Amino acid sequence: MRHCLTLRDFNKDEILALVAKASELKKNPQKLLIDKTLAMIFEKNSTRTRMAFELGITQLGGKALFLSSNDLQLSRGEPIKDTARVIASMVDFVMLRVNSHETLLEFVKYSKAPVINGLSDLYHPTQVLGDLLTIKEYGKKGKIAYIGDSNNMCNSWLIVASILGFELSIATPKGYEIDENVLEFALNEAKKSGAKLNFTNDKFKALADKEVIITDTWISMGQEAEKAKRLKDFEGFIIDEEAMKKAEKEAIFLHCLPAYRGYEVSEEVFEAHSKEIFDEAVNRLFVVKSLLCFLDAHR
């Protein structure tokens, strides 16, 4: 049985196959998981993740069950391992959107069903799969810049770029270094794949000649108390028209949303690239379908 906690769980061929299957299901919808059930556990708010998973399993012929952590006995102190043994014994898949990645690791230990990370503090694998499908559809290759926080999106992009052999430049403010474990994995993987990984505190250096520009919020859920400090630390890291001029002329801009205009991206850049951004959002649906089919085939 396979799980999807991070894209480290997949090799290059599997990642490319997931994207290819997503593209196929987008063009030719099929009911491949008739009567299969998906439990969705949410500790964090969600728009795109809930839509993608609930519609994904439904359109494949299955059923989804939304479970807010506030409504479960988890909110009264029931151990994760007990919740896992109950829920995963009744359904075919479990998706969790959690505050801490440790929750996922504990859940997997006791789960009889494949587990999917719908977002954790360390990784956001389904979002990056959606990004890959979008990049493929726009005919871009692998010259990418990520500008912003060293968060779950940064980690996930570093992992996938190192596996697929992309050229990825990451610009973060000083003091926001990348997770050491993720960095070690990526550097080792890059030796095998030929990926070119660059790290800087200069956004313009990272943006130079890139064909895909990616950013994310500077203040993730749960970091609201750090807002004033983060706004100061990230000053100058906005992706605005001046910044986009450093990238390739036909570069696309991606954002996992929600976006905070005037902070990580300007209103002008967001609206100029809104088609790419909302194509990216919708593509979460198709990569989720692909992932569910993959996990079902590897039970």
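Along the sequence shown, the residues carry numbers beginning at 1. Quantities reported herein were computed from a predicted structural model and do not represent experimental measurements.
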Using modelled atom types only, decide if a donor and an acceptor are shared between the side chain of T134 and the backbone of G130 within a distance under 3.5 Å.
yes
M153 with I15, same ILVMFWY side-chain cluster at under 4.5 Å:
yes
Could you please spell out the steps behind the salt bridge (Lys or Arg N to Asp or Glu O under 4.0 Å) verdict for E167 and K143?
CA-CA 5 Å; E167 178 182 340; K143 294 173 62 180; 5.3 Å; no
Could you measure the distance from the CD1 atom of I87 to the CG atom of L72? Nearest 0.5 Å is fine.
5.5 Å
Heavy-atom closest pair, residues W218 and L231:
CE3-CD2, 3.9 Å
Within the 4.5 Å heavy-atom criterion, are I41 and R97 side-chain neighbours or not?
no
Roughly how far apart are H273 NE2 and E268 CD, rounded to 0.5 Å?
11.5 Å
Is the CE atom of M1 crowded by more than 12 outside heavy atoms at less than 6.0 Å?
yes
Over 12 foreign heavy atoms within 6.0 Å of CD, E224
yes
Is any side-chain heavy atom of F185 closer than 4.5 Å to a side-chain heavy atom of T6?
no
Between E43 and N99 (side chain of the first, backbone of the second, donor and acceptor by atom type, cut-off under 3.5 Å), is there such a pair?
yes
Side-chain ion pair, E267 and R261, N-O less than 4.0 Å:
yes
I would like to know whether R8 and N181 meet side-chain hydrogen bond (donor to acceptor under 3.5 Å, both in side chains); could you show each step before the answer?
CA-CA 12 Å; R8 293 169 67 161; N181 181 269; 2.6 Å; yes
Validation row: C4, N117 side chains within 4.5 angstrom (heavy atoms)
no
For the residue pair H255 and F270, does the interplanar ring angle fall in the parallel (under 30°), tilted (30 to 60°) or perpendicular (over 60°) class?
perpendicular
Geometric cation-pi criterion, K246 with F204: 6.0 Å, 45°:
yes
Here the pair of heavy atoms bringing S266 nearest to E241 is OG-N, 4.3 Å
Minimal non-hydrogen separation, L60 against C293, with atom names:
CD2-SG, 4.0 Å
Going through the distances and angles, do Q59 and K289 end up as a side-chain contact (heavy atoms from CB on, under 4.5 Å)?
CA-CA 8 Å; Q59 291 176 8; K289 286 185 180 184; 2.7 Å; yes
Will you find, in the side chains of R284 and T49, an N or O donor that is under 3.5 Å from an N or O acceptor?
yes
Say you draw a straight line from CD1 of I219 to OH of Y260; how long is it, rounded to the nearest 0.5 Å?
8.0 Å
Test side-chain contact (heavy atoms from CB on, under 4.5 Å) on T215 and F253 and set out the steps.
CA-CA 8 Å; T215 192; F253 173 80; 3.5 Å; yes
Is there side-chain contact between D216 and E264, with heavy atoms separated by less than 4.5 Å?
no
Give me the ring orientation class for Y123 and H101: parallel if the planes are under 30° apart, tilted from 30 to 60°, perpendicular past 60°.
perpendicular
side-chain contact (heavy atoms from CB on, under 4.5 Å) with N283: which of K26, Q127, R48, K136?
K26
Candidate pair V287 and L291, rule side-chain contact (heavy atoms from CB on, under 4.5 Å), full reasoning:
CA-CA 6 Å; V287 296; L291 180 60; over 6 Å; no
Any donor-acceptor pair under 3.5 Å from H3 side chain to V115 backbone
yes
Would you check if the distance from the ring center of F234 to the ring center of Y176 is below 6.0 Å?
yes
Is there a side-chain contact between D35 and K63, using heavy atoms and a 4.5 Å cut-off?
yes
Would you check, one step at a time, whether the test salt bridge (Lys or Arg N to Asp or Glu O under 4.0 Å) holds for K109 with E106?
CA-CA 5 Å; K109 290 180 185 178; E106 178 73 0; 3.8 Å; yes
Salt-bridge criterion met for E189 and K192 (N-O under 4.0 Å)
yes
Does one hydrophobic cluster hold both L257 and I147, with members joined at side-chain heavy-atom distances below 4.5 Å?
yes
Sub-3.5 Å donor-acceptor pair from the side chain of S290 to the main-chain atoms of K21, do we have one?
no
I want to check something: taking the side chain as every heavy atom from C-beta on, are N152 and L122 in contact at a cut-off of under 4.5 Å?
no
Within the distance-only criterion (no hydrogens, no angle test), does the side chain of E276 pair as donor or acceptor with the backbone N or O of S274 below 3.5 angstrom?
no
For residues F42 and L96, determine if any side-chain heavy atom of one lies less than 4.5 Å from a side-chain heavy atom of the other.
no
Least distance between heavy atoms, A251 atom then I213 atom:
CB-CG1, 4.4 Å
Would you indicate whether E184, at its atom CD, is surrounded by more than 12 heavy atoms from other residues, nucleotides or ligands within a distance under 6.0 Å?
no
Does a side-chain N-to-carboxylate-O contact under 4.0 Å join K232 and E235?
no
Distance from E14 atom CD to L18 atom CG, nearest 0.5 Å?
7.5 Å
Is it the case that S169 and K210 place a side-chain donor and acceptor less than 3.5 Å from each other?
yes
Should F166 and I163 be regarded as members of a common hydrophobic cluster, given that ILVMFWY residues are connected when their side-chain heavy atoms come within less than 4.5 Å of each other, either directly or indirectly?
yes
Can a donor-acceptor pair be found, under 3.5 Å and without considering hydrogens, that links the side chain of S89 to the backbone of R85?
yes
In this structure, would L133 and Y138 fall into the same cluster of hydrophobic residues linked by side-chain contacts under 4.5 Å?
yes
Do the side chains of I170 and L254 join up, straight or via other hydrophobic residues, at under 4.5 Å, putting them in one cluster?
yes
Would R2 pass as a cation-pi partner of F294, given that its NZ or CZ must be under 6.0 Å from the six-membered ring centre and within 45 degrees of the axis?
no
From CD (E54) to CG (L65), nearest 0.5 Å
9.0 Å
Assess the residue pair L168 and L158 against the criterion (side-chain contact (heavy atoms from CB on, under 4.5 Å)); give the C-alpha distance rounded to whole Å, side-chain angles, the decisive distance to 0.1 Å, and a yes or no.
CA-CA 7 Å; L168 173 65; L158 183 53; 4.2 Å; yes
Hey, is the main chain of I239 close enough, under 3.5 Å, to the side chain of K203 for a donor-acceptor pair?
no
Gap between atom CG of D9 and atom CG of L5 - 0.5 Å precision:
5.5 Å
Quick test of your reading of the model: are K245 and E242 salt-bridged, counting only N-O distances below 4.0 Å?
no
Would you call R230-D233 a salt bridge at under 4.0 Å N-O?
no
To check you understand the geometry: which heavy-atom pair defines the closest contact between C154 and Y146, and what is its length?
CB-CE2, 3.5 Å
Side chain to side chain, T172 and E177, heavy atoms closer than 4.5 Å
no
Which heavy-atom pair separates D92 from K36 by the least distance, and what is that distance?
OD2-CA, 3.2 Å
